[in-house]
Amino acid sequence: SQTIHQWPATLVQPVGSPLSLECTVEGTSNPNLYWYRQAAGRGLQLLFYSVGIGQISSEVPQNLSASRPQDRQFILSSKKLLLSDSGFYLCAWTSGLGGQETQYFGPGTRLLVL
Amino acid sequence: SQQGEEDPQALSIQEGENATMNCSYKTSINNLQWYRQNSGRGLVHLILIRSNEREKHSGRLRVTLDTSKKSSSLLITASRAADTASYFCALRSNDYKLSFGAGTTVTVRA
């Protein structure tokens with residue numbers, strides 16, 4: 001069966017520090033991968049998605065970047081965090097094959113920038 | 001891309017009662033999905049309804065879709081304390097992406 005991992009679960013970082021959040025998927029090949037951010041009590045904002053290794057689409061201009069160095073690995077990064085980067089970051093995957101449209105979410109990373 | 005708008009924002013019901021929430025949208029969709037999120041956790045897929053379907057059931061869940069009114073509803077029957085969560089509708093157009101609404105927070109009182 002497929003599983004999706006995210007780490008760390010919680011992170012407290014000072015303003016101006018770098019960020020690296022990792023997401024890995026097991027049990028599937030060629031997934032479509034997604035990074036979302038959720039502000040407290042709000043819906044999900046799509047940040048990036050990837051349909052293959054090295055292929056990244058950015059949805060909103062921001063202080064963050066994403067990379068996909070391996071088929072089942074998706075990394076969210078920042079060189080210098082801002083206070084506004086605080087939030088709950090969720091990684092999700094869906095099958096790259098047609099007809100499978102459900103998104104499967106990881107447990108999330110709660111980021112607090114101070 | 002468009003977002004769904006859920007209504008109400010929050011709902012408090014007694015255990016055993018039914019809970020109904022709605023999602024409205026503005027442009028055409030390929031399918032509409034409902035997800036649940038327990039506090040501080042990831043989202044869990046509940047049900048998917050395609051644009052050519054009108055109603056789907058899954059256990060105690062019933063979803064309807066009215067494409068002429070551009071709206072969907074999620075009904076949870078005989079609610080339980082474990083149904084306490086936030087519920088999101090997500091819209092799929094003709095691309096790889098889902099657009100999520102702001103959600104409905106449901107509290108089931110014992």
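Chain identifiers are assigned alphabetically (A, B, ...) following the order of the sequence lines, protein sequences preceding nucleic acid strands; residue numbering begins at 1 within each chain. Not measured: the values here are computed from a predicted model.
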(request) Report yes if the side chains of B:M21 and B:I76 come closer than 4.5 Å at any heavy-atom pair, otherwise no. (result) yes

(message) Please classify the contact between B:E6 and chain A as side chain, backbone, both or neither, with a heavy-atom cut-off of under 4.5 Å.
(response) neither

(message) Tell me which of these, B:A90, B:G103, B:G42, has more heavy-atom pairs under 4.5 Å with chain A than the rest.
(response) B:G42

(message) So that I can tick it off, tell me whether A:R37 and A:D85 are bridged by a salt bridge, with the cut-off set at under 4.0 angstrom between side-chain N and carboxylate O.
(response) yes

(message) If I measure from the heavy atoms of chain B, does A:Q38 come under 4.5 Å with its side chain, its backbone, both, or neither?
(response) side chain

(message) Is B:L48 in contact with chain A via its backbone, its side chain, both, or neither, using a 4.5 Å heavy-atom distance?
(response) side chain

(message) If the threshold is 4.0 Å, N to carboxylate O, is there a salt bridge linking B:R50 and A:E101?
(response) yes

(request) Would you mind checking which part of A:L46 comes under 4.5 Å of any heavy atom in chain B, side chain (CB onward), backbone (N, CA, C, O), both or neither? (result) side chain

(message) Quick one: does any side-chain atom of B:N18 pair with a main-chain N or O of B:S79 as donor and acceptor, under 3.5 Å?
(response) no

(request) State whether A:E26 and A:R72 are salt-bridged, where the test is any N-O pair (Lys NZ or Arg NE/NH1/NH2 against Asp/Glu carboxylate O) under 4.0 Å. (result) no

(request) Answer with side chain, backbone, both or neither: which region of A:R110 has an atom nearer than 4.5 Å to a non-hydrogen atom of chain B? (result) side chain

